[in-house]
Number of protein chains: 2
Amino acid sequence: MGVNLTHSMQDYLKTIYMLTADHTRVPTTRIAQTLNVQPASVTSMIKKLADCHLVDHQSYHGVALTESGRSAALEMIRHHRLLETYLSTALGYDWADVHEEADRLEHYISEEFEDRIASLLGNPLYDPHGDPIPGRDGVLPPTPRLCLLDVPAPATVVIRRVDSSQRDALVFLSTRGITIGATCTVVQKASSYVVIDLAPTSKTIRLPNAIGQRIFVDRV
Amino acid sequence: MGVNLTHSMQDYLKTIYMLTADHTRVPTTRIAQTLNVQPASVTSMIKKLADCHLVDHQSYHGVALTESGRSAALEMIRHHRLLETYLSTALGYDWADVHEEADRLEHYISEEFEDRIASLLGNPLYDPHGDPIPGRDGVLPPTPRLCLLDVPAPATVVIRRVDSSQRDALVFLSTRGITIGATCTVVQKASSYVVIDLAPTSKTIRLPNAIGQRIFVDRV
DNA sequence: GGTTAATTTTAGAGATGTCTAAATTCGTAG
DNA sequence: CTACGAATTTAGACATCTCTAAAATTAACC
Ligand SMILES: [Mn+2]
Ligand SMILES: [Mn+2]
Ligand SMILES: [Mn+2]
Ligand SMILES: [Mn+2]
């Protein structure tokens, strides 16, 4: 039973994990949309995962991960985020390009490979987008959640995380020098945009809300 | 048609390439043994490869690569040997451990990944076992072919390549400090073994013919 | 509470890559 | 030159993961 997970099983587990961050059950259709497959395909994979005790499936009422399903998902997320960090730090990839490569390789690296890149990187806690990297023990560092748009106007913040789900936004940000760890001052808040001064150059940047929404910070 | 090759198709092409180094056709059974599958499975895969014009199959008379089959095989061998070199050089893998990891990853790295590790390694011509790495253009550097056992007794040589097909032999050699690029002097040749002095320490090592057979050198 | 629309599951099929068992072909030994 | 044994292919099956189309279930509205 469930020791050897196929590439597909791992993708489903990872997706279910992501979609159940709020600890509720996730409906079939949601998984289908995310993985770009038909709902019928999801149902049949869910059955297989349930047979392996990786998910809890209640017919017509969605699915949730079991403890072992959660572990398997976190293992895959660890691979993904370590790979992204490695591709960025050691191989010079742009942060907009790491996802695609990591999403394939995550299924095929060995535990030795995982350990070696983790160790070379100094066992990092966050990936290039600021997403937390689960430890080998499955413990997840805290996710930066304070949104740039929720910071009142005159305030200095450090950029801790960006939403990495849209490549365009990542390119927009890196083009303007906005990266994880950068310090900036929020100088003006309008209804549809926010203006920041980016340290150390004090370059002034106007960010549309659609972008500001995707940036998470710590106040200094 | 043959643009997108599956993992399996790539493994078959690589295997056929390896088994046709002598430019003859290779029989079905030989491929089956190498890939640990049944001859019937080889026949059905060969048909598919022939449909894609990657191999030339004459029923009951074996198979050979076409030009495009050869290119695809060399592309996979380039991935494999670059990965082995990278795992060894950048991640500190032992040369006995690189094969297994590279054999999986070779199918899943992108051309960008290939280019980046090649460039970081300084576009190496040989992998950690001394096997030649095909260029992006498919050109293969020369394979060191002078066997240690064929060198007359008092002679100084540089170790250029070892047969990497048996893990045990690789462990045996690295345990004794024998690596690619090492210089040694052949001091005695007996019928069942050869004695060498390994520079720079002048450590004397007696190698059984079964091992010596697997070492290829350049005379100095 | 019954009807209806959306969601979900079931049923059946195709693609891929493997297997076993049976049939075919080849080459050689008598 | 024929018959035999080995190699190879064919035939039919199974596992995996996907699809489309049809049936079943749910939930919500009147
Ligand atoms: Mn994936
Ligand atoms: Mn990321
Ligand atoms: Mn392989
Ligand atoms: Mn090698």
Side-chain angles (χ1 to χ4, degrees), chain A residues 1-16 19-20 22 24-65 69 72-73 76 103-104 106-108, chain B residues 1-16 19-20 22 24-65 69 72-73 76 103-104 106-108:
Chain A
M1 202 142 305
V3 193
N4 290 327
L5 307 181
T6 65
H7 179 134
S8 267
M9 289 167 78
Q10 290 172 341
D11 274 347
Y12 275 86
L13 292 172
K14 204 175 70 163
T15 300
I16 296 166
L19 296 176
T20 51
D22 52 1
T24 61
R25 309 181 73 80
V26 60
T28 303
T29 317
R30 208 58 210 299
I31 300 170
Q33 286 162 354
T34 307
L35 285 173
N36 268 304
V37 296
Q38 296 303 313
S41 307
V42 175
T43 300
S44 77
M45 177 56 85
I46 282 173
K47 275 185 167 171
K48 184 203 274 208
L49 294 172
D51 287 346
C52 297
H53 306 291
L54 292 161
V55 302
D56 168 48
H57 182 218
Q58 294 175 10
S59 225
Y60 293 97
H61 293 89
V63 69
L65 294 177
M76 214 39 46
D103 219 31
R104 249 179 302 110
E106 65 187 5
H107 306 288
Y108 301 106
Chain B
M1 201 144 303
V3 193
N4 291 325
L5 307 181
T6 65
H7 179 136
S8 266
M9 290 167 79
Q10 290 173 341
D11 274 346
Y12 276 87
L13 291 173
K14 205 176 71 164
T15 300
I16 295 167
L19 296 177
T20 51
D22 52 1
T24 61
R25 308 180 73 81
V26 61
T28 303
T29 317
R30 205 63 207 297
I31 300 169
Q33 286 162 355
T34 307
L35 286 173
N36 269 302
V37 296
Q38 295 302 313
S41 307
V42 174
T43 299
S44 78
M45 178 56 84
I46 282 174
K47 276 186 168 171
K48 183 201 274 206
L49 295 172
D51 287 347
C52 296
H53 307 291
L54 292 160
V55 301
D56 168 47
H57 182 217
Q58 295 176 9
S59 225
Y60 293 99
H61 293 88
V63 70
L65 294 177
M76 216 35 49
D103 219 30
R104 245 178 306 110
E106 63 187 6
H107 306 288
Y108 301 107

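Heavy-atom basis, side chains included; hydrogens, waters and symmetry copies ignored. So you know, we letter chains A, B, ... as the sequences are listed, proteins then strands, and number each from 1.
- Residue B:His7 is out of contact with every strand shown, counting any heavy-atom pair closer than 4.0 Å.
- Atom pair B:His107:NE2 and C:dT16:P shows a separation of 18 Å (rounding to whole Å applied).
- A close approach under 4.0 Å does occur between a side-chain nitrogen or oxygen of A:His57 and OP1 or OP2 of C:dT9.
- Residues A:Thr24 and A:Thr20 approach most closely at O-CG2, 3.1 Å, considering heavy atoms.
- Looking at every heavy atom in both residues, A:Thr28 comes nearest to A:Pro39 through CG2-O, 3.6 Å.
- Going from atom CD of A:Gln10 over to atom P of D:dT16 covers 15 Å, rounded to whole Å.
- In this structure, B:Thr28 reaches the sugar-phosphate backbone alone: every heavy-atom distance under 4.0 Å involves primed, P, OP1 or OP2 atoms, never a base.
- When the P atom of C:dA15 is taken as reference, atom CE of B:Met9 falls 15 Å away, rounded to whole Å.
- Using the six-membered ring where Trp is involved, A:His7 and A:Tyr108 have ring planes that are tilted, between 30° and 60° apart.
- The salt bridge (Lys or Arg N to Asp or Glu O under 4.0 Å) search around B:Arg30 returns none, not counting sequence neighbours.
- Residue order along DNA chain D, read from the 5' end via each residue's closest nucleotide, puts B:Lys47 first among A:Thr6 and B:Lys47.
- Summarising the geometry, the separation between CG on B:Asp51 and P on C:dT16 is reported as 11 Å, rounded to the nearest angstrom.
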Output one line per pair: protein atom, nucleotide atom from nucleotides 18-21 of chain D, and distance, for all N/O pairs under 3.5 Å.
| from | atom 1 | to | atom 2 | distance (Å) |
| --- | --- | --- | --- | --- |
| D:dT18 | OP1 | A:Ser8 | OG | 3.3 |
| D:dT18 | OP2 | A:Tyr12 | OH | 3.3 |
| D:dC19 | OP2 | A:Gln38 | N | 2.9 |
| D:dC19 | OP2 | A:Ser41 | OG | 2.5 |

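- With D:dT26, C:dC26, D:dT9 as the choices, the nucleotide that has an atom nearest any side-chain atom of B:His61 turns out to be C:dC26.
- The CD-P distance, from A:Gln58 to D:dA24, rounds to 22 Å in whole Å.
- Between the CD atom of B:Gln33 and the C1' atom of D:dA6 there is a distance of 13 Å, given to the nearest Å.
- The CG atom of A:Asn4 lies 10.0 Å from the SG atom of A:Cys52; values are rounded to the nearest 0.5 Å.
- One finds the CD atom of A:Gln38 at 11.0 Å from the OG1 atom of A:Thr43 (value rounded to the nearest 0.5 Å).
- With contacts defined as side-chain heavy-atom distances shorter than 4.5 Å, the pair A:Val63/A:Met45 does not qualify.
- Taking only side-chain atoms of B:Tyr60, from C-beta outward, the nucleotide of D:dT16, C:dT24, C:dT9 with the closest atom is C:dT24.
- Atom pair A:Ile46:CD1 and C:dT10:P shows a separation of 11 Å (rounding to whole Å applied).
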